[in-house]
Amino acid sequence: MFGAIYERISRHFESWGGQATIAIVGATGTGKSVLAENIAERFDCGILSADSMQVYRFMDIGTAKVPIEERRVPYFGIDLVSPDEPYSAARYQEYAQNVLKEEHKSNRPVLVCGGTGLYIRAALDEFSFSPGTCVDNATRIRYEQLAAERGPAALHAQLAEKDPASAAAIHPHNVRRVVRALELLDNGSNYATQSAQMRNYQVREEVLYIGLMASREHLYHRLDLRVDNMMTAGLLDEVSWLLDQGYRAALTSMQAIGYKEFFPVLDGCAPIEEAISKIKYATHRYAKRQETWFKRDDRIEWFNL
RNA sequence: GGUCGGGUAGCUCAGUUGGUAGAGCAGAGGACUGAAAAUCCUCGUGCCGGCGGUUCAAGUCCGUCUCCGACCA
């Protein structure tokens, strides 16, 4: 199986050389990192991580970062910010596109590897996030309060009045997205127009997409084992250390799987076993969502494990 | 051996005064352009432990057997 992937990738390197980009995608636990490391070493190129949680420093075990001592090639996209710094797909896009530009300028191919679908697209697709300044936090909080006070339906109705197309595209219960659409309006943009671009998968010949997948049964088993291994590697200590440093539970970074589940344990109101099984279940669902995301991208060439 | 609980969806359990069952979790499918490991949508027929009985009708009442738990000997 690896042989087939190596062959496919070699061919791509031969045609594009230092301008080649190879994306290795798929659900968590399918072995993307190991494959990427092997290929990057063999073809002498760097790895750009496309992972919304590996960007945070100090969150090492739970986000399954490749340990520094095991890295044999340059890595990008890891440890970019501290856990209390707001990060976003837009910020990642700017960063990633810059890495790609710089590497290609030096005639080095790049391996993009990750499971955050939106980040993969932000890095490799020709689309831009809403122009202009980023919406300030106050606006967001205002809309969230509105939803809390008058209910999600009322907020959605407000959106429907101002922007029927976007309202139609977002389920009324999806407060987060309704809020975002309202923010965009305030900012002179439009959710529906933007998201329409998302369905446009442009083919760039220099980019090769390799997708890794495994049967659910097999994958879930592997993921469960990985969680157990994270525990022996000291995941609980990592979480408790982060909290000790003052990184509070409400932070986006702390919503990561393998972190938020331990808060009740550290507060002493839940047994550790409960957290572990919650982490396993959450990981299963996450893997499923990742598959759903990547499945519809027909540029991806799939390899079954 | 006896008394009392309890055996209902893969798991934990609800089930009103008898009218052939429903939640959470798990699981499956899907959406998704500035939080994306987030957020959101859809999907629940299962010998209601077995067998008899009462009744027009039993998960629901009665008898009996069986299994699990607690307690008493």
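The sequence lines fix the lettering, A, B, ..., with proteins before strands; numbering per chain opens at 1. Remember, it's a predicted structure, so these values are computed and weren't measured experimentally.
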Which of B:A36, B:A38, B:A37 is nearest the side chain of A:Arg176? It is B:A38

Expressed in whole Å, how much space separates the C1' atoms belonging to B:A14 and B:G6? 15 Å

Just checking A:Thr283: base, sugar-phosphate only, or nothing, at a heavy-atom cut-off of under 4.0 Å? nothing

Spacing between A:Glu291 atom CD and B:G30 atom P, to the nearest angstrom: 9 Å

For A:Thr63, report the nucleic acid contact type (base, sugar-phosphate, nothing); a contact means any heavy atom under 4.0 Å. base

Classify the nucleic acid contact of A:Gly62 as base, sugar-phosphate or nothing, counting any heavy atom under 4.0 Å across all strands shown. base

Across the strands shown, which category fits A:Arg216 at heavy-atom distances under 4.0 angstrom: base, sugar-phosphate, nothing? sugar-phosphate

Strand partner of B:G59, provided both Watson-Crick or wobble distances fall under 3.5 Å: none

Is A:Arg140 near enough to B:A35 that one of its side-chain N or O atoms lies under 4.0 angstrom from OP1 or OP2? yes

Examine B:C40: is either OP1 or OP2 under 4.0 Å from a nitrogen or oxygen in the side chain of A:His173? Give yes or no. no

Round to the nearest Å and state the distance from A:Arg248 atom CZ to B:A35 atom P. 22 Å

Pairing partner of B:A70 (Watson-Crick or G-U wobble, both distances under 3.5 Å): B:U3

Name the nucleic acid region contacted by A:Thr116, choosing base, sugar-phosphate or nothing; use a 4.0 angstrom heavy-atom cut-off, strictly under. sugar-phosphate

Comparing A:Trp293 with A:Lys278, nearest RNA chain B nucleotide closer to 5' gives the residue A:Lys278

Measure distances between side-chain N and O atoms of A:Lys288 and base N and O atoms of B:G27, and say whether any donor-acceptor pair falls under 3.5 Å. no

Regarding A:Arg285, tell me which of base, sugar-phosphate or nothing describes its non-hydrogen contacts under 4.0 Å with the strands shown. sugar-phosphate

Specify the separation, in whole Å, of atom NZ of A:Lys280 and atom C1' of B:G27. 17 Å

Would you say A:Tyr259 places a side-chain N or O within less than 4.0 Å of OP1 or OP2 belonging to B:A37? no

Specify the separation, in whole Å, of atom OH of A:Tyr220 and atom P of B:G10. 18 Å

Only pairs with both distances under 3.5 Å count, Watson-Crick or wobble alike; so what is the partner of B:C48 in this structure? none

Salt-bridged, A:Asp125 to A:Arg299, with N to O below 4.0 Å? yes

Between A:Ile170 (CD1) and B:A35 (P), how many Å, whole number? 13 Å

Do A:Arg177 side-chain and B:A38 base share a donor-acceptor contact under 3.5 Å? yes

When rounded to the nearest Å, what value does the distance between C1' atoms of B:G27 and B:G7 take? 24 Å

Take atom CZ in A:Arg204; do more than 12 heavy atoms of anything else shown fall under 6.0 Å from it? yes

Residues A:Lys105 and A:Glu102 bridged, charged N to O under 4.0 Å: yes

Distance between P atoms of B:A57 and B:G15 (Å, rounded): 26 Å

note: A:His221, atom NE2; B:G27, atom P; distance rounded to Å ~ 15 Å

Could you measure between the two C1' atoms, the one in B:C40 and the one in B:A36, and give it in whole Å? 12 Å

G-U wobble or Watson-Crick pairing nucleotide for B:U54 (cut-off 3.5 Å, both distances): none

With both distances under 3.5 angstrom, what nucleotide forms a Watson-Crick or G-U wobble pair with B:G29? B:C41

Does A:Glu261 or A:Thr292 map to a spot on RNA chain B nearer the 5' end, using the closest nucleotide for each? A:Thr292

With a non-hydrogen cut-off below 4.0 angstrom, is A:Gln194 in contact with a base, only sugar-phosphate, or nothing? base

Euclidean distance for C1', B:G19 against B:A23 (whole angstrom): 22 Å

Touch check for A:Tyr191, heavy atoms < 4.0 angstrom, all strands: base, sugar-phosphate only, or nothing? sugar-phosphate

Think A:Lys295 has a side-chain N or O under 4.0 angstrom from the OP1 or OP2 of B:G30? yes

Spacing of the P atoms in B:G46 and B:G10 (rounded, Å): 8 Å

Taking a pair to mean Watson-Crick or G-U wobble geometry with both distances below 3.5 Å, B:G22 pairs with B:C13

Name the orientation class of the two ring planes belonging to A:Tyr220 and A:His284 (parallel below 30°, tilted from 30 to 60°, perpendicular beyond 60°). parallel

Pairing of A:Lys65 and A:Asp79 as salt bridge, 4.0 angstrom limit: yes

Taking the same atom, C1', in B:G44 and in B:U66, what whole-Å distance lies between them? 29 Å

A quick test of your reading: do over 12 heavy atoms of other residues, nucleotides or ligands sit less than 6.0 Å from CD of A:Gln97? yes

Of the listed nucleotides (B:U39, B:A35, B:C41), which one gets closest to any side-chain atom of A:Arg289? B:U39

Looking at A:Asp51 and B:A37, is any side-chain donor or acceptor paired with a base atom of the opposite kind under 3.5 Å? yes

What integer number of Å spans the C1' atoms of B:A73 and B:U16? 39 Å

With heavy atoms under 4.0 Å as the rule, sort A:Tyr286 into base, sugar-phosphate or nothing. base

CD of A:Gln290 versus P of B:A36: gap in Å, rounded? 13 Å

Does A:Asp44 CG have over 12 foreign heavy atoms under 6.0 Å away? no

Counting distance alone, no hydrogens or angles: does the base of B:A35 have a donor or acceptor under 3.5 Å from a partner atom on the side chain of A:Glu144? yes

Contact under 4.0 Å: A:His284 side-chain N or O vs B:G27 OP1/OP2: yes

Salt bridge flag under 4.0 Å for residues A:Glu261 and A:Lys278: no

Test item: A:Tyr191 and A:Glu183 side chains (from C-beta on) under 4.5 Å apart, heavy atoms: no

Separation of B:A31 P from A:Leu118 CG (nearest whole Å): 15 Å

